[in-house]
Protein chains: 2
Amino acid sequence: MSEKEISLAVIKRLPRYYRYLGELMEKDVVRISSKELSEKMQVTASQIRQDLNNFGGFGQQGYGYNVEHLYTEIGKILGLDKRYNIIIIGAGNLGQALANYTDFEKRGFILKGIFDVNPILIGLSIRGTEIRLMGELEEFIKSNNIDIAVLTIPKHNAPKVAADLVNWGVHAFWNFAPCDLNLPKDIIVENVHLSESIMRLSYDLKTLKEQPN
Amino acid sequence: MSEKEISLAVIKRLPRYYRYLGELMEKDVVRISSKELSEKMQVTASQIRQDLNNFGGFGQQGYGYNVEHLYTEIGKILGLDKRYNIIIIGAGNLGQALANYTDFEKRGFILKGIFDVNPILIGLSIRGTEIRLMGELEEFIKSNNIDIAVLTIPKHNAPKVAADLVNWGVHAFWNFAPCDLNLPKDIIVENVHLSESIMRLSYDLKTLKEQPN
DNA sequence: TAGATTGTTAATCGATTAACAATC
DNA sequence: TAGATTGTTAATCGATTAACAATC
């Protein structure tokens, strides 16, 4: 019995709801109506109610939503109550920056290892996680039950490395390499394409300068 | 005479077209039809033609598109032929990673300065750009004609710092802080919310595990 | 010229917004 | 109970896809 498919547009909004609800909790706000939340977030109240009702009725007529309850429920929908083992491939600047990224643990992602081709980096530790040589990768993945690989390597070998990782049992990627990985479609890939982001910024700037009104 | 507004969905696809055309150029491909490109990119040919025709007719009936010409034209649409001065605010791991990010120059963004509150970092240089104290910021922006600020600072002071920057003349932001900046609406903000990205990945993983088919 | 493929209009599909009955 | 606000259906809007005449 497959439930109705949730649209990608809805999924992409959930983390933002989650963030706002977290901020409300910090301010000790107990309840909020879709109308109040919509004003804060600059979306329509209708959209909030539609989005949430894809997953169930979390509110109460005449009252609104309990902030803490809704926060917890969205967390569950996003799978933030689960634990996953991750590795970082590529210990360059970005790889090291992400290794220091404490949000991983907050979201249930446990950093198990960091790998690089450069022998100079080997043995160095980031927040208690040692950098290892790529040669150890296959053995490490198999013995550490790795779910997710973060790819912070150059684009020229990213698809090849990703294909190897899939063969060794990794089934999800957080990909920072500026390319498509072309993996089987049962493999999950979340891309962070900084160069595409910077081009959108460039477009907006150009457009602003052209229409000075 | 205001031209018809281009939808955000179209803009977001342009950088990906640009990337694929770049790859085709590297392979010395001279021409490509919307059909061939659509197969490579896993979109419909119709969508490619519709998207491009928002900006003009870049193809030729019976022939397709000249790869190099289309690449150049999309580059112009994205404003990649322009030059903008940028600064990085926050010289932590991520700020330093971005300072080393060579795509900036490729896209016409010139790194003029890096700023941090931590005096320990002052004087240190990254790819020839010196790290400066936040106190110098106002003077620096005014005398260096800064267009864009990259924000890699903690969320608790990001909106305040951004508001100051706007007052001093910055009108565009590449924001890595996990918060909304709440700036006037003529200010351009391109957000990179890594924590939202990681939550989408978490959702996909959870969904995969629930439906093992 | 004939074949191919664009540019563009029309049809479809999906997502957002509006409205309101249900109900706390 | 009366007022408020949800959950949900219906209406609208916009984006994607299909189709085909124009034309290289």
Side-chain angles (χ1 to χ4, degrees), chain A residues 2-17 20-21 24 29-74 76-77 196 200 203, chain B residues 2-17 20-21 24 29-74 76-77 196 200 203:
Chain A
S2 87
E3 290 152 36
K4 66 181 174 301
E5 191 71 29
I6 308 293
S7 90
L8 185 61
V10 174
I11 303 306
K12 290 214 242 176
R13 283 192 291 267
L14 290 180
R16 187 149 177 270
Y17 293 139
Y20 270 83
L21 289 163
L24 288 168
V29 176
V30 173
R31 65 162 283 276
I32 194 156
S33 69
S34 57
K35 178 143 184 295
E36 286 172 283
L37 188 57
S38 76
E39 282 157 8
K40 271 187 197 298
M41 294 188 62
Q42 314 255 52
V43 295
T44 64
S46 210
Q47 181 163 76
I48 294 174
R49 295 203 300 278
Q50 285 276 23
D51 283 352
L52 297 178
N53 276 89
N54 280 297
F55 305 97
F58 301 124
Q60 201 168 18
Q61 283 96 330
Y63 173 82
Y65 300 87
N66 176 283
V67 173
E68 197 165 344
H69 176 243
L70 188 53
Y71 180 84
T72 308
E73 289 301 320
I74 295 180
K76 280 190 214 161
I77 293 165
E196 296 187 8
R200 288 195 293 272
Y203 174 86
Chain B
S2 87
E3 291 150 36
K4 65 181 177 301
E5 191 72 31
I6 309 293
S7 89
L8 185 61
V10 174
I11 304 305
K12 290 215 242 178
R13 283 192 292 266
L14 291 181
R16 188 149 175 268
Y17 294 140
Y20 269 83
L21 290 163
L24 289 168
V29 176
V30 173
R31 64 162 284 276
I32 194 157
S33 69
S34 58
K35 181 147 182 293
E36 285 172 285
L37 188 58
S38 75
E39 283 157 6
K40 270 187 199 297
M41 294 186 61
Q42 313 256 52
V43 296
T44 63
S46 209
Q47 182 164 76
I48 293 176
R49 295 203 299 278
Q50 284 277 24
D51 283 353
L52 297 178
N53 276 89
N54 281 297
F55 304 97
F58 301 124
Q60 201 169 18
Q61 283 97 333
Y63 172 84
Y65 300 87
N66 177 283
V67 173
E68 197 165 345
H69 177 243
L70 187 54
Y71 179 84
T72 309
E73 289 301 320
I74 295 180
K76 280 190 214 160
I77 293 165
E196 296 187 7
R200 287 194 294 272
Y203 174 85

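Since the model is a prediction, treat every value here as computed from it, not as a measurement. Letters go in sequence order (proteins before strands), and every chain restarts at 1.
- Proximity of residues 33-42 of chain B to DNA chain C (heavy atom under 4.0 angstrom from any strand atom) is restricted to B:S33, B:S34.
- In this structure B:T44 satisfies the side chain to side chain contact (heavy atoms under 4.5 Å, CB included) test together with B:S46, B:Q47, sequence neighbours excluded.
- Each of A:T72, A:I74, A:N66 was checked for a side chain to side chain contact (heavy atoms under 4.5 Å, CB included) with A:L70, and the lone residue meeting it is A:I74.
- In this structure B:K40 satisfies the side chain to side chain donor-acceptor pair (under 3.5 Å) test with no other residue, sequence neighbours excluded.
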Enumerate donor-acceptor pairs with a distance under 3.5 Å from any side-chain N or O in residues 29-37 of chain B to protein atoms, sequence neighbours excluded.
| from | atom 1 | to | atom 2 | distance (Å) |
| --- | --- | --- | --- | --- |
| B:R31 | NE | B:Y63 | O | 2.5 |
| B:R31 | NH2 | B:Y63 | O | 2.6 |
| B:S33 | OG | B:K35 | N | 3.4 |
| B:S33 | OG | B:E36 | N | 3.1 |
| B:S33 | OG | B:E36 | OE1 | 3.3 |
| B:S34 | OG | B:R49 | NH1 | 2.9 |
| B:K35 | NZ | B:E39 | OE2 | 3.3 |
| B:E36 | OE1 | B:S33 | N | 3.1 |

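- Taken to the nearest 0.5 Å, the CZ atom of B:R16 stands 8.0 Å off from the CD atom of B:Q42.
- In this structure, CD of A:Q61 is placed 7 Å from P of C:dT23, rounded to the nearest angstrom.
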N/O-N/O pairs, protein side and nucleotides 8-14 of chain D side, under 3.5 Å:
| from | atom 1 | to | atom 2 | distance (Å) |
| --- | --- | --- | --- | --- |
| D:dT8 | OP2 | A:N53 | ND2 | 3.4 |
| D:dT9 | O4 | A:Q50 | NE2 | 2.7 |

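- Annotation: the span from A:D51 atom CG to A:I6 atom CD1 amounts to 9.5 Å, rounded to 0.5 Å.
- A:I11 has its CD1 atom 14 Å from the C1' atom of C:dA15, to the nearest Å.
- Within the structure, no pair that satisfies the salt bridge (charged side-chain N to carboxylate O under 4.0 Å, His left out) test touches residues 53-65 of chain A, not counting sequence neighbours.
- Scanning for side chain to side chain donor-acceptor pair (under 3.5 Å) contacts around A:Y203 gives an empty result, with sequence neighbours left out.
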*In dot-bracket, 5' to 3', how would DNA chain C read with Watson-Crick or G-U wobble pairs under 3.5 Å, [ ] for crossing ones and | for pairs to another strand?*
..||||||||||||||||||||||
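- The CD1 atom of B:I48 sits 18 Å away from the P atom of D:dA15 (whole-angstrom rounding).
- Atom CG in B:D51 sits roughly 10 Å away from atom C1' in D:dA15 (whole-Å rounding).
- Taking side-chain N and O atoms only, A:Q47 has a distance below 4.0 Å to OP1 or OP2 of C:dT16.
- Residues satisfying the ring-ring contact (aromatic ring centres under 6.0 Å, His included) criterion with A:Y17, sequence neighbours excluded, are absent altogether.
- Note: CZ (A:F58) to C1' (D:dT5) measures 17 Å, nearest angstrom.
- When rounded to the nearest whole Å, the span between CD1 of A:I32 and C1' of D:dA4 equals 15 Å.
- Residues satisfying the side chain to side chain donor-acceptor pair (under 3.5 Å) test with B:E196, not counting sequence neighbours, are A:R19.
- Residues passing the side chain to side chain donor-acceptor pair (under 3.5 Å) test with A:K76, sequence neighbours excluded: A:E73.
- The side chain of B:Y65 approaches C:dT6 more closely than any other nucleotide in the set D:dG7, C:dT16, C:dT6.
- Between C:dC24 and A:R31, no contact under 4.0 Å exists linking OP1 or OP2 to a side-chain N or O.
- Computed from coordinates, the B:F55 CZ to C:dG7 C1' distance equals 15 Å when rounded to whole Å.
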